[in-house]
There are 2 protein chains.
Amino acid sequence: MKATIKDIAKKTNLSVATVSRILNNKTGYFSEKSATKVHKAAEELGYQKNTTAVELVTQTSKVVAVIISSTKTNFADQIIDGIQEVAFENNLNVIFLYAGENDEEIQYKSLVTAIERSVMGIIMVAVELNGSNLDYLQQSRIPYILLSTAHGPKGSAFITTDNYQLGYRATEFLIERGHRKISLVGNDLSDTGTERLRGYKDALKNNHISFNPGLALMGDFSYEDGITAAKKLFQPKLRVTGLIGGSDMVAIGIINQAKELGFSVPEDVSVMSLDGTNITNIYRPIITSAIQPFKEIGKRGMQQLLNTDERPHQSQLLTFNINEGESTRRI
Amino acid sequence: MKATIKDIAKKTNLSVATVSRILNNKTGYFSEKSATKVHKAAEELGYQKNTTAVELVTQTSKVVAVIISSTKTNFADQIIDGIQEVAFENNLNVIFLYAGENDEEIQYKSLVTAIERSVMGIIMVAVELNGSNLDYLQQSRIPYILLSTAHGPKGSAFITTDNYQLGYRATEFLIERGHRKISLVGNDLSDTGTERLRGYKDALKNNHISFNPGLALMGDFSYEDGITAAKKLFQPKLRVTGLIGGSDMVAIGIINQAKELGFSVPEDVSVMSLDGTNITNIYRPIITSAIQPFKEIGKRGMQQLLNTDERPHQSQLLTFNINEGESTRRI
DNA sequence: CTGAAAGCGCTTACAG
DNA sequence: CTGAAAGCGCTTACAG
């Protein structure tokens with residue numbers, strides 16, 4: 001059996017109340033002499049505080065649960081880093097739960113795990129909550145925030161990169177370098193993808209380029225989306241000069257398939273991406289990319305959760321920079 | 001305030017005992033009529049079970065804590081998948097804690113979080129525990145297991161790929177293809193790295209190639225290790241024909257730096273790696289790699305934790321296959 | 001089928 | 001400075 005404060009009380013001939021006060025260092029409520037005895041006994045018994053009991057009696061928790069959509073989303077690493085950094089500064093514990101790839105059942109199970117433990121807050125990373133899960137989350141009354149996803153309705157707060165600008169400025173970037181046949185590839189049909197598409201269209205329009213629906217290929221940000229798009233757009237002949245991948249993986253898919261078909265990047269075709277994780281620096285050619293501030297998204301998410309009491313959650317759209325690599329060129 | 005079973009009891013004019021039995025579906029201990037009333041009241045009150053209280057009173061936990069060394073280790077994703085799969089089958093909850101990159105303080109904090117919650121088991125992924133943290137973990141009496149790391153001493157159980165064979169067979173693979181000047185790059189000084197080095201040396205010896213200490217460059221499995229090694233071994237002229245990177249990142253570092261110096265892979269030099277994560281298929285050239293069974297490591301780790309009672313933990317060394325990509329050739 | 005009671009490990013007014 | 005007591009939300013023998 002694990003030792004409890006009762007065991008310490010018995011061993012030191014003190015009450016559990018006094019032991020508790022000493023262990024929690026409630027200065028002024030105990031004598032040095034008792035303190036020494038208690039600490040010695042605790043040490044000898046190998047005492048471990050039972051946080052579960054503490055949380056029950058104090059009705060508080062110092063735990064934030066982070067629910068992540070999947071382990072396949074490599075940008076989540078940076079968001080996690082940001083969350084951890086702020087949590088560490090504020091002496092909070094963070095537990096992570098993986099909710100699979102849009103799997104409603106696993107998503108629900110991870111919500112249950114977090115909610116039934118009465119965590120102090122929940123951060124959802126890149127999770128598209130379906131209706132009933134969102135209801136469940138809201139009903140719990142636990143403060144929450146959505147990162148790297150943009151749910152307009154239902155009044156949930158979210159923090160993400162400005163997806164409209166992502167679409168707009170990437171398109172503009174290629175236009176400024178002489179491209180006019182530009183494809184947008186691998187974005188999904190959620191707010192994230194549709195905002196990017198809107199930005200793409202507006203950038204074309206403002207530069208007097210007519211929108212060609214055949215060049216906006218939606219998907220789910222996957223490597224395969226890039227492969228598919230390249231097959232479609234590069235055969236029987238190159239129908240575009242520039243492509244924007246909805247993620248780094250999409251861009252790499254495009255480039256690999258371009259090579260497969262005998263085209264060079266950026267000599268024959270320019271390719272850029274919209275995430276800018278570390279892989280863009282490690283791949284060759286180095287990939288031109290809009291670098292999303294993922295770590296900052298994580299930090300702000302955690303900070304905002306801590307300020308719950310002061311004001312209602314507010315959504316934030318963050319800005320970004322475009323890093324010019326070796327996968328694009330002026331034509 | 002959140003609703004409790006006491007609220008339900010009041011509303012239904014039943015005792016908390018009966019309410020508890022109904023909510024836990026202890027068949028035979030309640031009438032259909034009461035059950036209906038209770039479920040209705042629970043629904044109306046938005047009742048949420050308080051798992052913290054349940055764990056306290058039943059003195060059990062259905063939570064396994066997984067402590068991961070860092071978000072930079074990309075193979076951890078597959079291990080996580082394996083762990084989740086088995087946990088899901090067994091109706092267990094898994095919480096993940098990130099412990100930084102060999103940071104003793106964060107490592108300790110994550111251990112505290114897990115231990116003070118009396119989780120039913122702890123899985124350490126790619127974590128090198130220092131002495132006092134290991135003591136702390138063992139003292140807690142919570143079952144634990146180490147994945148993808150090999151601590152010989154202190155009787156901890158671990159599951160990992162056979163690192164000796166990894167070193168041996170990768171070296172042999174290159175020797176069979178005519179290479180005799182072979183370098184091993186980027187492995188660390190822990191059991192993992194030293195076992196690989198031992199396998200490398202034995203493979204050389206068994207093939208009558210003398211060991212050259214200048215070709216065994218240790219490191220910490222990083223991209224930079226690959227860059228550094230290539231600078232050292234490729235200038236002023238190529239001093240090796242084949243290299244084995246201790247991780248996919250090390251191999252990519254070598255290849256990128258080779259390109260930088262004007263060498264082609266595999267025409268001028270062959271490079272292979274010892275992880276085999278997805279990036280080896282996405283990079284070009286496709287990287288020849290010993291594919292570690294990471295997902296299997298995760299599954300077995302979780303399974304073994306579940307069998308704690310039956311027999312003491314046992315260490316396992318798993319086998320692997322080598323996938324021939326485009327980054328190596330016969331010479 | 002149901003309830004009263006004890007208890008999980010801890011904290012904290014209240015009283016001295 | 002210390003202790004007795006109540007209570008956090010729940011479960012479960014025990015008794016009926």
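Quick note on labels: first sequence line is chain A, next is B, and so on, each numbered from 1.
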Given [options], which nucleotide is nearest the side-chain atoms of [X]?
| X | options | answer |
| --- | --- | --- |
| B:V57 | D:dA4, D:dT11, D:dT12 | D:dT11 |
| B:S15 | C:dC10, C:dA4, D:dT11 | C:dA4 |
| B:L56 | D:dG9, C:dT12, D:dT12 | D:dG9 |
| A:I5 | C:dT11, D:dA4, C:dC8 | C:dT11 |
| A:V54 | D:dT11, D:dC14, C:dT11 | C:dT11 |
| B:T58 | D:dT12, D:dA4, C:dC8 | D:dT12 |
| B:L14 | D:dT11, C:dG3, D:dG3 | C:dG3 |
| B:S20 | D:dT2, D:dT11, C:dT11 | D:dT11 |

Between B:K49 and D:dC10, is there a side-chain N or O to OP1/OP2 distance below 4.0 Å?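 Looking at the OP1 and OP2 atoms of D:dC10, neither is under 4.0 Å from any side-chain N or O of B:K49.
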
Within the pair A:N50 and C:dC8, is there a side-chain N or O less than 4.0 Å away from OP1 or OP2?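 Negative; the distance criterion is not met.
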
Does this structure show an ion pair linking B:E105 with B:K109, if we count only N-O contacts that are shorter than 4.0 Å?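 No, this pair does not count.
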
Taking 4.0 angstrom as the limit, do A:E55 and A:R117 come out as a salt bridge?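 No, A:E55 and A:R117 are not salt-bridged.
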
Measuring only the C1' atom in each nucleotide, how far is D:dT12 from D:dG16? A whole number of Å is fine. 16 Å

Base, sugar-phosphate, or nothing: which does [X] touch, judged by heavy atoms less than 4.0 Å apart?
| X | value |
| --- | --- |
| B:F30 | sugar-phosphate |
| B:T52 | nothing |
| B:N13 | sugar-phosphate |

Watson-Crick or G-U pairs under 3.5 Å in DNA chain D, rendered as dot-bracket with [ ] for crossing pairs and | for another strand: |||.||||||||.|||

Ring of A:F294, cation from A:K299 - is the NZ or CZ under 6.0 Å from the centre and inside 45° of the axis? no

For A:T4 and B:V19, take the nucleotide of DNA chain C holding the closest heavy atom to each; which residue's nucleotide lies nearer the 5' end?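 Its nearest nucleotide lies further toward 5', so the answer is B:V19.
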
Roughly how far apart are B:I83 CD1 and B:I68 CD1, rounded to 0.5 Å? 7.0 Å

Between B:A53 and B:Y29, name the one whose nearest nucleotide on DNA chain D is closer to the 5' end.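 By nearest-heavy-atom nucleotide position, the 5'-most residue is B:A53.
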
With a 6.0 Å cut-off (strictly less than), is the heavy-atom count around OH of B:Y29, excluding the residue itself, greater than 12? no

